[in-house]
> 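Submitted below is the structure of interest, expressed as structure tokens.
Computed from heavy atoms alone, side chains included, the values below leave out hydrogens, waters and symmetry copies. The first residue in the sequence is number 1, and the count goes up from there.
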Amino acid sequence: MFQANWTSVTDFFFLGFTHYPKFEIIIFVLCLLMYLITLLDNIILISVSILDSYLHIPMYFFLSNFSFLDICYTSSALTPMLANFVAGKNSISFSGCAAMYFSLAMGSTESVLLSMMAYDRYVAICNPLRYPSIVNRRVCSQIASGSWVTDCLAALVETMPVLQLSLCGNNVINHFTCEILAVLKSVCVDTSMVEFLMLVISVLLLPMPMLLICISYVFILSNILRISSVDGRSKAFSIYAAHLTVIVLFYRTALSTYLKPSAVDSQEIDIMALVYAGLTPMLNPIIYSLQNKEAKGAVKKLFIGTFGTILISILK
């Protein structure tokens, strides 16, 4: 059988959501709405975190990194599909498909940043007096930069072996974008070594951060139970229950996808990819920050100031 490496392939063709022909337009509209809401939510959060001096604290430093990551992640995962639908085509160039590296890197970084944010909340609630010394600006910068560099390098280690595999002339990807697992299903050679490498990295970047999150939230919840006020306890529970909902949603899809890559069929990859590339980035800023009084106040000031400036310039 003819074998071709990646350099001999110029274009790839997506099957996308052709499995659901009656729902393609609905799926496109839902994905477009998720993408636009994700952009709006995260841009607002980044803007208020930078412009409002009261939000220059570690929690919003991590949230700003998280929002920037979500914008990059969703853009790399959803924009090719949206662009292809509008253009009426289902293909992508080789260089465009090699950009699956960015989706993988952003997803890995999100996992680590979630654990760092959980640790930040643990220190703030369980050790409030030591919080300024433990989670200071230098430590935050080191944690954030370390997360970005480590996970981008890990994604490179995962992506490079895939780019060297033989495709056997098969340039059809049973997915709506160039996702690494969907690409692996298009090659004709043994992928067990690549899948083992992905499994090792996935264990380090998924269950390990998730374990840190679980430990942090166990201590947080134990502290919440000690709150004497019923209203205060209920409010704290509602906030952190929302946090845990988003965390479970992200890790449930990521773990089931990347810890058993050979057991996941292409249609399951499509659905799971929409959850962790579209739904969770849309919910993250709403759950983590825009429900807080400080963030709500900063957003109001931003919009009042912006519209006030526009109104004054119009009246002039």
> Could you tell me whether Phe28 atom CZ has more than 12 heavy atoms of other residues or ligands within 6.0 Å of it?
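Yes, CZ of Phe28 has more than 12 neighbouring heavy atoms, counting only those of other groups under 6.0 Å.
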
> Can you hop from Leu211 to Val248 via hydrophobic side chains spaced under 4.5 Å?
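Leu211 does not cluster with Val248.
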
> Per the side chain to side chain contact (heavy atoms under 4.5 Å, CB included) rule, which among Leu36, Leu40, Leu33, Ile37 passes with Met282?
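Considering Leu36, Leu40, Leu33, Ile37, a side chain to side chain contact (heavy atoms under 4.5 Å, CB included) with Met282 is found only for Ile37.
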
> Where is the tightest heavy-atom contact between Asn223 and Arg226, given as atom of each residue plus distance?
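For Asn223 and Arg226, the tightest heavy-atom pair comes out as OD1-NH1, 2.8 Å.
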
> Following the transitive rule for hydrophobic clusters with a side-chain heavy-atom cut-off under 4.5 Å over Ile, Leu, Val, Met, Phe, Trp and Tyr, establish whether Leu69 and Ile50 coincide in one cluster.
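Leu69 clusters together with Ile50.
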
> Quick check: is Tyr60 connected to Val139 through a chain of hydrophobic side chains (ILVMFWY, heavy atoms under 4.5 Å apart)?
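Yes; Tyr60 is reachable from Val139 via cluster members.
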
> Nearest 0.5 angstrom please: Ser67 OG to Ile44 CD1, how far?
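Spacing of OG (Ser67) from CD1 (Ile44) equals 10.5 Å.
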
> Would a 4.5 Å heavy-atom cut-off, applied to side chains only, mark Pro281 and Tyr35 as touching?
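Not in contact.
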
> Looking at Pro207 and Ser202, what are the two nearest heavy atoms and their distance?
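Between these two residues, the closest heavy atoms are CD-O, 3.1 Å.
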
> Got more than 12 heavy atoms from elsewhere within 6.0 Å of OH, Tyr217?
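Correct, the count exceeds 12.
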
> Would you check if Val135 and Cys140 make a side-chain contact, meaning some heavy-atom pair closer than 4.5 Å?
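A side-chain contact under 4.5 Å exists here.
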
> Mark yes or no for whether Ser133, through its side chain, and Arg130, through its backbone, hold a donor-acceptor pair below 3.5 Å.
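Yes; judged by distance alone, with no hydrogens or angles, the pair exists.
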
> For a 4.5 angstrom cut-off between non-hydrogen side-chain atoms, does Met116 reach Leu212?
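Of all side-chain heavy-atom pairs linking Leu212 with Met116, at least one is under 4.5 Å.
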
> What I'd like to find out is whether the side chain of Tyr119 reaches to under 4.5 Å of the side chain of Ile134, using heavy atoms alone.
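They are in side-chain contact.
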
> Nearest 0.5 Å please: distance from the CG atom of Asn42 over to the CG atom of Asp70.
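One gets 5.0 Å once the value is rounded to the nearest 0.5 Å.
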
> If every non-hydrogen atom of Ser115 is compared with every non-hydrogen atom of Pro209, which pair is closest and at what distance?
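Nearest heavy atoms, Ser115 then Pro209: CB-O, 3.5 Å.
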
> Please give me the minimum heavy-atom distance between Leu45 and Pro285, naming the atom from each residue.
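Answer, listing the atom of Leu45 first, then Pro285: CD2-CB, 4.1 Å.
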
> Drop me the distance from Ile71's CD1 to Leu39's CG, to the nearest 0.5 angstrom.
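With rounding to 0.5 Å, CD1 (Ile71) is 6.0 Å from CG (Leu39).
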
> Mind checking the CD1-CD1 spacing from Ile213 to Ile220? Nearest 0.5 Å is all I need.
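The CD1 atom of Ile213 sits 10.5 Å away from the CD1 atom of Ile220.
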
> Using side-chain heavy atoms (C-beta onward) and a distance below 4.5 Å, is Phe66 in contact with Leu114?
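Yes; the side chains approach each other to less than 4.5 Å.
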
> Cut-off 3.5 Å, side chains only: do Tyr101 and Ser76 have a donor facing an acceptor?
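There is no such pair (donor and acceptor under 3.5 Å, judged by atom type) between the side chains of Tyr101 and Ser76.
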
> Can you see which heavy atom on Phe61 is nearest to which on Ala144, and at what distance?
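Scanning both residues, the minimum pair turns out to be CE2-CB, 3.8 Å.
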
> Taking Asn65 for its side chain and Phe62 for its backbone only, find out whether a donor-acceptor pair lies under 3.5 Å.
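The answer is no, because no donor-acceptor pair under 3.5 Å joins these two groups.
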
> Counting distance only, does the side-chain N/O of Thr159 pair as donor-acceptor with the main-chain N or O of Leu156 below 3.5 Å?
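Judged by distance alone, no pair lies under 3.5 Å.
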
> Could you tell me whether the side chain of Met198 reaches within less than 4.5 Å of the side chain of Ile201, counting heavy atoms only?
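A side-chain contact is absent here, since even the closest heavy-atom pair is not under 4.5 Å.
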
> Does the side-chain contact (heavy atoms from CB on, under 4.5 Å) test come out yes or no for Tyr122 and Asn127, once each step is laid out?
CA-CA 8 Å; Tyr122 156 72; Asn127 295 285; 3.7 Å; yes

> How long is the straight-line distance from CG of Leu104 back to OH of Tyr73, given to the nearest 0.5 Å?
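Taking OH in Tyr73 and CG in Leu104, the distance rounds to 8.5 Å.
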
> List the atom of Tyr131, the atom of Pro58, and the distance in Å for their closest heavy-atom pair.
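Here Tyr131 and Pro58 meet closest at OH-CB, 3.3 Å.
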
> Please check if Leu153 and Val157 belong to a single hydrophobic cluster, counting links between Ile, Leu, Val, Met, Phe, Trp and Tyr side chain heavy atoms closer than 4.5 Å.
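Per the 4.5 Å side-chain linkage, Leu153 and Val157 are not co-clustered.
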
> How long is the gap from CE on Met106 to CG on Leu113, to the nearest 0.5 Å?
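It comes to 10.0 Å.
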
> Please check if Val218 and Ile247 belong to a single hydrophobic cluster, counting links between Ile, Leu, Val, Met, Phe, Trp and Tyr side chain heavy atoms closer than 4.5 Å.
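No, it is not one cluster - the side chains of Val218 and Ile247 are not joined through contacts under 4.5 Å.
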
> Taking Leu205's backbone N and O only, do any of them form a donor-acceptor pair with Ser111's side chain (distance below 3.5 Å, no angle check)?
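Present.
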
